[in-house]
Each structure stands twice: as C-alpha cells, then as structure tokens.
Amino acid sequence: MRPGRIALWVLAALTAVYLVLPVFIVIPTSFSASSFLEFPPKEWSGRWYENFFTDPVWLDSALASLRVAVLVTLLSLVLGTAAALGMVRGRYRLRALVSGLVMAPVLVPYVIVGLAVYATFLELGLTQTTLGFVLVHTALAVPYVVITVSSSLVSFDRRLEQAAMSLGAGPVSTFARVTLPLIAPGLAGGAVFAFVTSFDEVVTGVFLSGPDLTTLPVQMWSGVRVQIDPTVAAVSTMLLLVTLAVFATAGLLRRRKS
Amino acid sequence: MTGAVDVRAVTKRYPGSLALDEVSLHVAAGEFMTLLGSSGSGKSTLLNVVAGFTEPTSGSVLVDDADITGVPPHRRELGMVFQHYALFPHMNVFENVAFPLRRRKVRGAELRRRVGDALEVVELGALGERRPAQLSGGQQQRVALARAIVFQPRVLLMDEPLGALDKRLREQLQLEIKRLHRELGITFVFVTHDQEEALTMSDRVALLREGRIVQVGTPQELYETPASRYVAEFLGESNLLDEDGGLLLVRPQHLRIGPPDGPGLRAVVREVIYVGGGLRIEVERPGGQRLVARTTVRPEELPRPGDEVVAHWSEHDSVNVPA
Ligand SMILES: Nc1ncnc2c1ncn2[C@@H]1O[C@H](COP(=O)(O)OP(=O)(O)O)[C@@H](O)[C@H]1O
Ligand SMILES: [Mg+2]
C-alpha cells in the first residue's frame with residue numbers, strides 16, 4: 001500500500017473512533033456499582049437499570065417523551081407532507097418565501113425558539129403540557145419531513161397519477177393508492193427524523209419542563225446537574241440501543257424494497 | 001355503436017405559446033383516428049384535452065353528444081395508454097389491471113374473470129404475478145393496454161404508445177393494436193409522429209401543424225391528394241414541381257427515368273441505391289432541385305451517377321396540390 005493510502009486509512013479509523021468514543025465510555029459506566037459516574041468501573045452491577053424501571057420520576061419522563069415524540073411524528077408527517085406537496089407542485093409567486101418560512105425552525109437557534117415559546121406559553125398555560133411540547137417539537141420536526149418527502153416527490157412520475165385518474169380514481173383514491181405508497185420511503189425517513197428530533201430535544205425542553213411534565217432528555221440533564229445520578233448512563237445506553245434498532249429497521253426495510 | 005368524439009373549436013394557450021388554435025375534429029364511433037404531426041405540433045395537448053388532463057382555454061369536447069369539457073378525467077370513462085406505460089410499480093400485473101375495476105367496485109370472481117380475460121386479449125395470461133419491472137417494454141405496454149380496456153371504455157386514447165419500442169416490436173404491436181380495435185369495436189384515438197405508422201394503422205388521419213389541423217382524411221386521401229405542400233412532404237417521399245402558379249406532385253414510384261433523348265425533364269443522376277428489393281434513383285435538375293424515383297423493375301441500362309437522363313411520368317399519376 002502506498003503511504004498516502006495508509007495515512008487515509010489511519011485518519012478514517014481515528015475519525016471513526018472519535019465519533020463512537022462516547023459510546024465506549026457511557027456503556028461501561030452504566031454498569032458501574034458506584035453511586036457516582038465512574039469510568040472505568042471498579043465494580044459491576046445492573047442497579048442503575050433497576051433504578052430506571054422502579055423510579056417513577058424516570059419512568060414518567062420516559063413515557064412523556066415517548067408520547068410527545070409519537071404525536072409529533074404523526075402531526076409533522078401530515079403537515080410536512082402537505083407542505084412538501086405545495087412546495088414541489090404548486091405554482092405561485094411566493095413559493096420561495098413559503099419554503100423559507102417552512103425551513104426557518106432549523107435555522108433559528110433553538111435557544112431563541114425556547115425563550116420565545118417560554119414567554120408566550122407561560123401566559124397561555126401551555127408549559128409543562130403534552131400539547132405545548134407537541135406544538136414546539138412539531139415546528140422543529142416539520143422541516144425534516146418536508147426535506148425527505150420533497151425529494152421523493154421530485155422523483156415521482158406524475159403520469160402515474162394521470163393514469164390512475166384515467167382509470168377512474170378520484171383525487172383522494174389516487175393519492176392514497178398511488179402517490180402515497182410510492183413516496184412512502186420519504187415518509188418513513190421523515191418519520192425517523194421527526195421522532196428523533198422530538199425524543200432527543202433538550203434545549204426548548206428545558207424551558208418547557210417542570211414538576212408537571214419533564215421529558216427524558218431534560219430529566220437526564222438535571223440528573224447530572226443537580227445530583228450525579230449514574231441512571232443517566234443506563235438511560236443513555238438504552239437510548240443508544242433504541243436508536244440503533246430504529247435505523248437498522250429503516251435500513252432493512254429499504255433494502256427489502258429495492 | 002358509442003364513442004363518437006367531437007372536438008369543437010378548442011384553443012389552448014400557454015404563456016408564450018399557442019398549443020392548439022381553434023381545432024375542430026369529429027371522430028366517428030368505432031373509428032381508428034390518428035393524430036399525426038411533428039414534435040410540438042400539439043398532438044399530446046389535443047389528446048390531453050380529450051382525456052381531461054388539460055383544460056382548454058376555449059372550445060369544448062363532446063363524447064356521444066354530451067359536453068364533457070368540465071368533467072374531471074376520472075369521470076370521463078375514457079381509457080388512456082401512455083408512451084412510457086405508466087404502470088404502477090408497486091402493484092403486480094394482476095393488480096394493475098384490476099385497478100380500474102376495483103375503483104368501480106367490481107369484486108371477487110367477476111374481478112378475476114375480467115382481469116383474466118383482458119390479460120388473455122393481450123396474450124399475457126400467465127404473467128399476473130409479475131411486477132412491471134420484471135417485464136420487457138413490449139410486455140409492459142400490453143399490460144397498459146389491458147388495463148386501459150378492462151373497464152370497457154367508450155374511447156381508447158393512446159399517446160405515442162409504441163414510441164419507446166424498437167422497430168420489430170413496434171410493428172408487432174401495431175398489428176395487435178389493429179386487431180384489438182377490430183375485436184373491441186370501440187373508438188381509438190392514436191397519437192404518433194411516425195407517418196408510416198399513421199398510414200398503416202388508421203381509418204383516418206388528422207395531420208397537425210403548429211396547433212392546427214391541416215388535413216383530415218383516410219390515409220389514401222392524405223397520400224394521394226394532399227391539401228398542401230406540407231402534407232405532401234410530410235407523408236412519404238414526394239417530388240413537387242412548380243407548374244405555372246400551381247404545384248404538381250409525383251410520388252417516387254410514379255417517376256420514370258429514361259434516356260436523355262426522350263420527352264420529360266432534363267436531369268443528371270446523382271445517386272443510385274438498392275433499397276427493399278428495388279432501386280432508389282436520385283436525380284438533379286438544372287436549377288438544383290432533386291427528384292427521387294423508385295422502381296422495382298430493373299431498367300435495361302442501369303443509370304450511373306453523372307449520367308444525363310430525363311424524368312417523366314404519366315398524366316394520371318400526377319396530382320395538383322393547392323399551393
Ligand atoms: N405544460 C405546458 N406549458 C407550456 N407549454 C406547453 C405545455 N405543454 C405543451 N406546451 C407547448 O405546446 C406545444 C404543443 O405541445 P405538445 O402537445 O406536447 O406537442 P406534441 O405532442 O405534438 O409533440 C409545444 O410548443 C409545447 O412547447
Ligand atoms: Mg407528445
């Protein structure tokens with residue numbers, strides 16, 4: 001092998017290690033018997049996993065996150081698909097403005113979103129509510145759905161819709177039986193991004209959380225800030241597994257399709 | 001018989017172009033009508049106006065005397081076949097053909113029987129389980145045909161359905177489409193830019209040019225008595241001669257090449273080629289105009305490039321063309 005190639009391999013390996021390094025720290029730490037975050041652990045145990053499944057604070061926040069993320073996924077799929085259809089197919093003057101507005105939430109720093117939302121939601125009584133979280137997270141997730149669904153729509157052959165119509169399918173039937181199944185991979189990709197965006201969201205979550213409702217990432221954050229609770233490492237490990245499972249499933253589904 | 005189509009003074013204006021300019025056309029019930037024209041002449045636009053995908057700027061479309069101008073495509077009961085098949089890639093062949101029947105609430109044994117019959121008609125009976133991607137181009141177009149006729153539309157519209165196929169397959173499917181037309185007895189409106197295809201398949205041909213119909217008639221009428229120089233030149237090879245203010249058309253198979261001392265138009269041989277069992281002789285007149293003669297009989301003396309000859313024809317083989 002030429003020296004250049006060797007250097008390239010080394011660089012690639014170092015980058016890969018750098019990217020997964022946190023995982024190698026977090027997983028062993030989660031199995032520590034110590035009451036502090038400890039790496040490497042001197043003694044092993046599963047007590048922090050047990051703590052997660054028995055402590056209502058942890059369980060409640062996990063369930064809250066799950067509930068919010070599922071609702072956000074559904075809502076942002078509907079809104080994002082509708083927006084993508086309008087952006088890809090519409091012919092109107094303000095198209096650039098509309099796409100700018102739809103994409104804005106990913107460009108505006110989350111801290112600013114959190115602050116603005118906190119001020120208004122406090123007055124409306126929406127902080128610490130599922131509805132409040134769903135509204136904010138949906139705004140953050142919609143752009144990802146728009147991106148994935150748009151790219152599916154751009155490559156979609158519209159003559160298939162014309163064919164369906166000529167065969168007697170009305171607009172709803174055409175969309176449900178022809179368009180939707182064929183842009184489904186885009187929707188699936190958008191769903192994964194939307195779910196992860198919500199489930200993983202901590203910045204606006206800090207503003208909206210409180211004793212009534214705290215999402216899992218915010219609970220983890222206070223878990224290390226207030227007291228050093230190694231349950232955080234156990235939760236991280238489980239989240240890692242869940243994320244891997246989600247992406248592996250999406251990948252397998254995609255491979256089976258093609 | 002039903003399925004008469006009436007296009008009345010249809011105009012379609014796009015920003016910057018006039019795709020159809022006051023087009024009127026009557027297609028009789030059960031007729032095989034071909035819309036012929038070069039690319040951009042407005043064939044697809046006219047077909048899409050009939051199908052309901054394009055709304056005309058003005059004018060109206062009638063099927064069996066009912067005005068359908070504002071009716072959405074899915075309520076028109078017209079079959080349509082597209083150049084690139086437009087089969088649903090996520091459904092197998094059976095489900096593609098079943099699609100229009102399911103929309104009409106046909107179920108169970110009747111659904112299977114009618115899909116089976118339609119697939120038999122296009123000779124694809126055994127391929128119901130296949131996905132479109134597993135079929136050849138010709139097979140895909142047959143599925144598209146089966147899908148477009150299975151619900152017994154009054155009219156079948158086809159936009160260059162054979163355009164994506166190679167020559168052999170195209171000729172084979174031309175015959176099958178003709179057979180289908182005979183068997184079904186419904187109206188066919190067929191779009192092509194290929195004049196040979198139009199002449200061999202159609203009962204009548206409408207030739208379009210820049211959004212207007214320049215002539216409608218049987219293939220024979222268009223070929224033998226073209227209404228203008230454009231029509232004469234569009235259909236087959238033609239020799240057009242200026243003759244005191246008018247135009248005279250002599251088709252290559254009627255033009256004779258003889259020795260220079262005989263009567264006729266003086267010319268010099270430029271090319272002699274064997275084609276399809278005969279000869280194609282191209283000669284040049286003093287002004288530079290080229291004439292083409294085709295013959296299946298071999299003259300005693302084969303002309304060679306550079307030879308002085310005369311081109312002549314019998315009176316009854318020439319046609320006056322309005323200039
Ligand atoms: N959607 C459209 N927008 C603008 N111009 C169009 C559109 N569709 C067709 N045209 C124009 O109308 C004319 C006729 O097009 P078309 O009917 O597709 O021709 P053909 O099928 O005979 O090739 C062309 O000049 C084309 O550019
Ligand atoms: Mg066309």
Side-chain angles (χ1 to χ4, degrees), chain A residues 77 81 84-86 88-96 145 148-192 249-258, chain B residues 14-15 44 47-48 50-54 71-91 95-106 118 131-133 140-141 143-161 164 189:
Chain A
L77 276 182
T81 304
L85 278 166
V88 172
R89 297 188 172 176
R91 291 181 202 284
Y92 45 94
R93 238 160 259 172
L94 299 177
R95 215 160 82 151
V145 177
T148 57
V149 175
S150 292
S151 69
S152 290
L153 278 174
V154 165
S155 56
F156 178 83
D157 181 359
R158 295 205 65 187
R159 276 170 304 198
L160 295 177
E161 288 176 348
Q162 293 195 337
M165 286 189 272
S166 79
L167 296 168
V172 174
S173 178
T174 298
F175 183 76
R177 292 176 195 283
V178 175
T179 316
L180 206 54
L182 290 171
I183 61 169
L187 257 70
V192 170
T249 314
L252 280 178
L253 283 180
R254 192 160 309 166
R255 184 166 307 178
R256 250 188 39 190
K257 275 244 152 168
S258 59
Chain B
Y14 285 112
S44 295
L47 203 72
N48 284 329
V50 175
F53 300 132
T54 301
V71 176
H74 65 280
R75 299 229 183 85
R76 291 196 176 192
E77 296 290 317
L78 308 174
M80 177 117 182
V81 175
F82 300 80
Q83 177 173 359
H84 296 285
Y85 324 127
L87 296 178
F88 305 129
H90 58 300
M91 300 178 194
E95 282 306 322
N96 265 279
V97 179
F99 186 89
L101 296 177
R102 290 195 193 280
R103 303 287 79 69
R104 289 163 179 80
K105 312 266 182 268
V106 180
R131 290 278 174 134
Q140 290 186 42
Q141 196 55 290
V143 176
L145 274 167
R147 188 179 67 172
I149 59 169
V150 71
F151 61 100
Q152 297 168 339
R154 295 174 291 177
V155 181
L156 183 60
L157 309 171
M158 290 178 269
D159 193 353
E160 312 221 12
V189 182

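A note on names: the letters A, B, ... follow the listed sequences, proteins ahead of strands, and every chain is numbered from 1.
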So what's closer than 4.5 Å to chain A heavy atoms on B:R147: side chain, backbone, both or neither? both
Heavy atoms of B:F53 and A:S166 approach each other most closely as CZ-CB, 3.9 Å
Taking CZ in A:R95 as the centre, count heavy atoms belonging to other residues, nucleotides or ligands within less than 6.0 Å. Is the count above 12? yes
Heavy-atom distances under 4.5 Å only: say whether B:R104 touches chain A with side chain, backbone, both or neither. side chain
Pair up each side-chain donor or acceptor in residues 168-178 of chain A with any protein partner under 3.5 Å, not counting sequence neighbours, and list the distances.
residue : atom : partner : partner atom : Å
A:S173  : OG   : B:R103  : NE           : 3.4
A:T174  : OG1  : A:A169  : O            : 3.2
A:T174  : OG1  : A:G170  : O            : 2.8

Counting a contact as any heavy-atom pair under 4.5 Å apart, which residues of residues 153-160 of chain A contact chain B? A:R159, A:L160
Using a cut-off of under 4.5 Å on heavy-atom pairs, state which of B:P72, B:A133, B:P89, B:A148 scores highest against chain A. B:P89
Could you tell me which portion of B:L101 (side chain, backbone, both or neither) has an atom closer than 4.5 angstrom to a non-hydrogen atom of chain A? neither
